[in-house]
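Scroll down for the structure; my scribbles are underneath it.
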Amino acid sequence: MRQAYANIVAARGSVMDGNDDVTNSNIKSVARWLTTSTCRPCLLLQGNVGNGKTTMMQCVATTFEALREGATKTLTAEGWKLSAEERKPFEKLQTLPTIQLLTANQIVTAASKNSDDYTRIQRQMFIAIDDLGIEPATTKIYGTELTPVADIIYHRYDHLLPTIISTNLNDEEISLRYGVRIGDRLRELCDKLVYSSASYREK
């Protein structure tokens, strides 16, 4: 995961500081959430702007993709002959879900268009919702008021679906914006990683 994170930073024309203890600790925390069965089904990345929350979600998605591609390439590479026992760990990697990365705004847009995209978002096994709180709280279709992001959270709560959410809002602000029921569900559903460092964009 650390290499995936560094690659994403490099693609933006920057270099990840290998001695950045905060980022290294955050990567370890997210890796622990992904691999520990006792963790809660969702992860809330919470904190100020510019301190790596979106990069972390991209890191998770690209890590999963790299693992799946690596497993496929290994199994199909010419000359490889693996026993059934040797194939097992690679087969597990290939079952990793695809992570759909979305902004909260994109969810509202999909719902407002009354398209199949919103239904597909609901049914997606694993999603990452970026920038919770900057989107319109409601939208209207043919005069009917909808709350798309809140509805997605309810759906994922009911089905215990793995979800990563990033937000600049604190717990009180989430409850004020989406209602105490959503705030309460997120507290129950999510492990939390609080980002308290200053914006990397200002460095």
Once you round to the nearest 0.5 Å, how far does CD1 of Ile127 lie from CE of Met57? 10.0 Å
Please determine whether a side-chain nitrogen of the Lys or Arg among Arg181 and Asp184 lies less than 4.0 Å from a carboxylate oxygen of the Asp or Glu. no
Before giving the answer on side-chain contact (heavy atoms from CB on, under 4.5 Å), spell out for Val30 and Val60 the whole-Å C-alpha distance, their side-chain angles and the decisive distance to 0.1 Å. CA-CA 8 Å; Val30 175; Val60 173; 3.7 Å; yes
Pair Ile129-Ile164, side-chain contact (heavy atoms from CB on, under 4.5 Å): steps then yes or no: CA-CA 6 Å; Ile129 305 173; Ile164 303 176; over 6 Å; no
Residues two or more places apart in sequence or in another chain: which of them pass side chain to side chain donor-acceptor pair (under 3.5 Å) with Tyr195? none
Please check this pair: side chain of Glu188 against backbone of Arg185, looking for a donor-acceptor N/O pair closer than 3.5 Å. no
Any salt bridge (Lys or Arg N to Asp or Glu O under 4.0 Å) pairs touching residues 40-56, not counting sequence neighbours? Arg40-Asp191
First locate atom CG of Leu44, then atom CG of Leu169, and finally report the distance between them rounded to the nearest 0.5 Å. 9.5 Å
Pair Leu132, Val149 - check side-chain contact (heavy atoms from CB on, under 4.5 Å), show working. CA-CA 8 Å; Leu132 181 78; Val149 174; 3.4 Å; yes
Pairs where residues 145-170 contributes a residue and the test ring pair (Phe, Tyr, Trp, His ring centres under 6.0 Å) is met, not counting sequence neighbours: His155-His159
Tell me the closest heavy-atom pair linking Pro148 and Thr139, and the distance in Å. CG-CG2, 3.6 Å
Check for me, please, whether Met1 and Leu101 land in the same ILVMFWY cluster - side-chain distances under 4.5 Å, paths through other members count. yes
Whether the side chain of Ser25 engages the backbone of Asp21 through a donor-acceptor N/O pair (distance < 3.5 Å, no angle test) should be reported. no
The test is side chain to side chain donor-acceptor pair (under 3.5 Å); show your working for Asp130 and Thr103 and say whether it passes. CA-CA 4 Å; Asp130 195 19; Thr103 64; over 6 Å; no
Do you know which two heavy atoms are closest between Leu161 and Cys42, and how far apart they sit? O-SG, 3.4 Å
Distance, nearest 0.5 Å, that separates CG of Asn26 from OG1 of Thr55: 11.0 Å
Measure the OG1-CD distance between Thr163 and Gln124 for me, rounded to the nearest 0.5 Å. 10.0 Å
Phe64 with Leu102, same ILVMFWY side-chain cluster at under 4.5 Å: no
Do Ile182 and Leu146 share a hydrophobic cluster, counting only Ile, Leu, Val, Met, Phe, Trp and Tyr and linking them when any side-chain heavy atoms are less than 4.5 Å apart? no
What closest approach, in Å, do Ile174 and Gly183 show between heavy atoms, and which atom pair accounts for it? CG2-CA, 4.3 Å
Assess whether side-chain contact (heavy atoms from CB on, under 4.5 Å) is satisfied between Arg120 and Asp116, documenting all intermediate values. CA-CA 6 Å; Arg120 281 192 289 269; Asp116 293 337; 3.6 Å; yes
Note, Asn48 side chain near Asn168 side chain (heavy atom, < 4.5 Å): no
Can you check whether Met125's main-chain N or O pairs, donor with acceptor, with Arg156's side chain at less than 3.5 Å? yes
Does some side-chain heavy atom of Lys192 sit less than 4.5 Å from a side-chain heavy atom of Asp171? yes
Common cluster, Val108/Ile152, ILVMFWY with side-chain heavy-atom separation under 4.5 Å: yes
Out of Asn7, Thr23, Asn24, which one pairs with Arg2 under the side chain to side chain donor-acceptor pair (under 3.5 Å) rule? Asn24
Minimum heavy-atom separation for Gly133 to Tyr178, with atom names? N-OH, 3.1 Å
Look up atom CD in Gln122 and atom CG in Asp151, then write down how far apart they are to the nearest 0.5 Å. 7.5 Å
Looking at side-chain heavy atoms only, is the closest gap between Thr98 and Phe126 below 4.5 Å? no
Taking every heavy atom of Cys59 against every heavy atom of Tyr5, the minimum-distance pair comes out as SG-N, 3.8 Å
Taking Trp33 as the starting point, is it possible to reach Met56 by hopping between hydrophobic residues whose side chains are less than 4.5 Å apart? yes
Just wondering, are more than 12 heavy atoms of other shown residues or ligands nearer than 6.0 Å to CZ in Arg187? yes
d(Ser29 OG, Leu43 CG) to nearest 0.5 Å is 9.0 Å
